[in-house]
Number of protein chains: 2
Amino acid sequence: MDIFTTMQEERGRLSQSEIRIADIVLNDFEFAVNASIIELAGKADVSPPTVTRFCRRLGCESFSDFKVQLARTAYVGMRYLKPEPKSIAPADVAQDIITKAQNALFLLHRGLDVAAIERAANRLAGAEMIYAFGSGGNSSMIATELQNRLFRLGLRITASSDHSMQLMMAAAAKPTDVLIGSSFSGRNAELVRAFALAREAKVPTIALTQSESPVAHAAEITLPVDLPEGDNIYRPTSTRIAYLAVVDILASLVAYRIQPQATVTLRRIKQQLVTHRDGDDRQLLGD
Amino acid sequence: MDIFTTMQEERGRLSQSEIRIADIVLNDFEFAVNASIIELAGKADVSPPTVTRFCRRLGCESFSDFKVQLARTAYVGMRYLKPEPKSIAPADVAQDIITKAQNALFLLHRGLDVAAIERAANRLAGAEMIYAFGSGGNSSMIATELQNRLFRLGLRITASSDHSMQLMMAAAAKPTDVLIGSSFSGRNAELVRAFALAREAKVPTIALTQSESPVAHAAEITLPVDLPEGDNIYRPTSTRIAYLAVVDILASLVAYRIQPQATVTLRRIKQQLVTHRDGDDRQLLGD
DNA sequence: CCGCCATGATTTAAATTCTTTTCATAATTT
DNA sequence: AAATTATGAAAAGAATTTAAATCATGGCGG
């Protein structure tokens, strides 16, 4: 686990002085990362050994180890993210977008409910038919992506971004099928209705959405993607990258479920495709 | 700039001993990040002062500063990536996918041709009509995404994943239009043909693809996305995330070109949409 | 309710380890 | 061969850690 999470989790169990140290580090790690143990101790009004003990308690070998851990995580993650790039110069815009995307992935990983993903993967792997729903530019892309990834594994799946179709399909689904839906906002009322219909008919339902949202409550299994609002509002792409990563994880897990020896087999198949890349097999790889 | 790039750029100007140090750091920074100056010096068969001098030459204050810089960048970036996850346990698969995605973004940023992106953005901003082409699950998604992002800015754009349509559209395009195409492999022969047709008619062409590939050579402006093969073959998603980031950068730059005061305006518009999220405006945000 | 003891937190001081500077020597270039 | 550069040894100087001592806090018996 990363040092920031540890620090926040342990905070309750720390002593007065240690809490002071933790707060300084959390508030200003640009300082913390560059400071010596004496400087840090001075700023926290404690003695150097207290700082060392603090580091040990957090599972680090030593103070310098702590700094390395800190620097490692600070690259992305807790970095302060401005809502807008520094300037509209191409280099700044690029940096801004890349950093935000990396950050979204970092935060996603942090809040990932691995157990839920596993349950979802098991459901998908055993489904007779899968319905993937999502609307609006973003979620419809996720639905398409699910179809794109899962049909290759030999699963039966259809994606739809059409609300009316979604409702009809949900009504037609059977308990041996699975309905999986995506909503970035978590407030897609039609998707909620489709989930409700499906659950009445005992069809397993999976939602990719914000936790504690209407869509999340409507589904049986929720795969929560909770990113700070800033990311959502001003630039949907970094959020979408997080969703894509979830789909990727899900699809990979399903692949492993379906064919236990998939690792070797898949590699051989793909190696073949690459060798013949100039031939007609190209599409299978997916350009 | 990050310390790895600096190290590679400076490599030619370094002395024998310093090159040995650099190579050890580049090959095994898990070691380098945790080692003391004495350990590192020992492994490189040099004296500690040489290591200090090496760090200074790379623009660091001191050895510890060097280690911090290193840890900062090593979180993603040069990290050694196994082609397969450690195990097929959900947590390992998730970690593997997230790390690879972050890595792809890091490498993309590294190799990004900002000037080319800027030229492309200028072309797109001034186009009377834009044709976005891409085939196969991945590139067709990129084309759709381009349409999704650019139509919101008031640009006229159509996306197509149909080879025949692409050829006809390329033939019909005018010099005031722009053709933009994506190919992950860089070997999409039909796309090359479309580019050739367009260039005959003096239509500006932009390619999102591997540099030095047939598609790259066929276009006037190439936005290179060069990721190590491993990423491409076994899991297309991390590569796609890199492509999506390029689209995002491109679209943002175009937005700034079209409306200089876009920053403030866009924010206001979106704030409005968020306030009314429960109403019917939802689709505009793109769920 | 008070005071003593025990526990744990914290600091001071000492020792150790690590890093850097200085200076001398070797290698290389001009 | 002289000058320049690179390197290492030794020493000086920091920084870090360990160990011992002090302080505070809370519990428990009188």
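Chain letters run A, B, ... following the sequence lines, proteins first and then strands; every chain starts at 1.
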Nearest whole angstrom, please: distance from the [atom2] of [N] to the [atom1] of [X].
{"X": "B:Ile19", "N": "D:dT7", "atom1": "CD1", "atom2": "C1'", "result": "15 Å"}
{"X": "B:Phe54", "N": "D:dA6", "atom1": "CZ", "atom2": "C1'", "result": "15 Å"}
{"X": "B:Glu18", "N": "D:dT5", "atom1": "CD", "atom2": "C1'", "result": "11 Å"}
{"X": "B:Arg20", "N": "D:dT7", "atom1": "CZ", "atom2": "P", "result": "8 Å"}
{"X": "B:Ile21", "N": "D:dA6", "atom1": "CD1", "atom2": "P", "result": "13 Å"}
{"X": "A:Asp45", "N": "C:dT12", "atom1": "CG", "atom2": "C1'", "result": "16 Å"}
{"X": "B:Leu40", "N": "C:dT17", "atom1": "CG", "atom2": "C1'", "result": "17 Å"}

### Query
Can you check whether A:Asp65's main-chain N or O pairs, donor with acceptor, with B:Asn34's side chain at less than 3.5 Å?
no
Is any NZ, NE, NH1 or NH2 atom of the basic residue among [X] and [Y] found under 4.0 Å from an Asp or Glu carboxylate oxygen of the other?
{"X": "B:Glu18", "Y": "B:Arg11", "value": "no"}
{"X": "A:Asp248", "Y": "A:Arg149", "value": "yes"}
{"X": "A:Glu145", "Y": "A:Arg240", "value": "no"}

Under 4.0 Å, heavy atoms only, any strand: does [X] hit a base, just the sugar-phosphate, or nothing?
{"X": "A:Thr50", "result": "base"}
{"X": "A:Asp65", "result": "nothing"}
{"X": "A:Val51", "result": "nothing"}

### Query
When you check every protein heavy atom under 4.0 Å of nucleotides 19-30 of chain C, what one-letter string (B, S, -) results, 5' to 3'?
BBB---------
#### Entry: B:Ile206: which of B:Ile117, B:Leu223, B:Thr222 passes side chain to side chain contact (heavy atoms under 4.5 Å, CB included)
B:Leu223
### Query
Any idea which heavy atoms bring A:Ala91 and B:Val114 closest together, and the distance?
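A:Ala91 and B:Val114 have their closest heavy atoms at N-CG1, 3.7 Å.
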### Heavy-atom pair with the smallest gap, counting every atom of A:Ser15 and A:Arg57
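Heavy atoms only, the tightest pair is N-NH1, 4.4 Å.
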#### Entry: Inter-end axis angle, the helix from C:dC1-D:dG30 to C:dT30-D:dA1, with every axis fitted to five base pairs (rounded, 10 degrees)
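The angle separating the two end axes equals 10°.
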### Message
Measuring to OP1 and OP2 of D:dT5, would you say a side-chain N or O of B:Ser15 lies under 4.0 angstrom away?
### Response
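So the side-chain polar atoms of B:Ser15 never come under 4.0 Å of the phosphate oxygens OP1 or OP2 of D:dT5.
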### Query
Within less than 4.0 Å of OP1 or OP2 of D:dT7, is there a side-chain N or O belonging to B:Ser47?
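B:Ser47 to D:dT7 OP1/OP2: no side-chain N or O under 4.0 Å.
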### Task
Sequence neighbours left out, what pairs pass side chain to side chain donor-acceptor pair (under 3.5 Å) with at least one residue falling in residues 112-122 of chain B?
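Counting only pairs at least two positions apart or across chains, the side chain to side chain donor-acceptor pair (under 3.5 Å) contacts touching residues 112-122 of chain B are B:Glu118-B:Arg257, B:Asn122-B:Arg257.
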### Query
More than 12 foreign heavy atoms under 6.0 Å from CD of B:Glu61: is that the case here?
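It does not: B:Glu61 CD has 12 such atoms or fewer within range.
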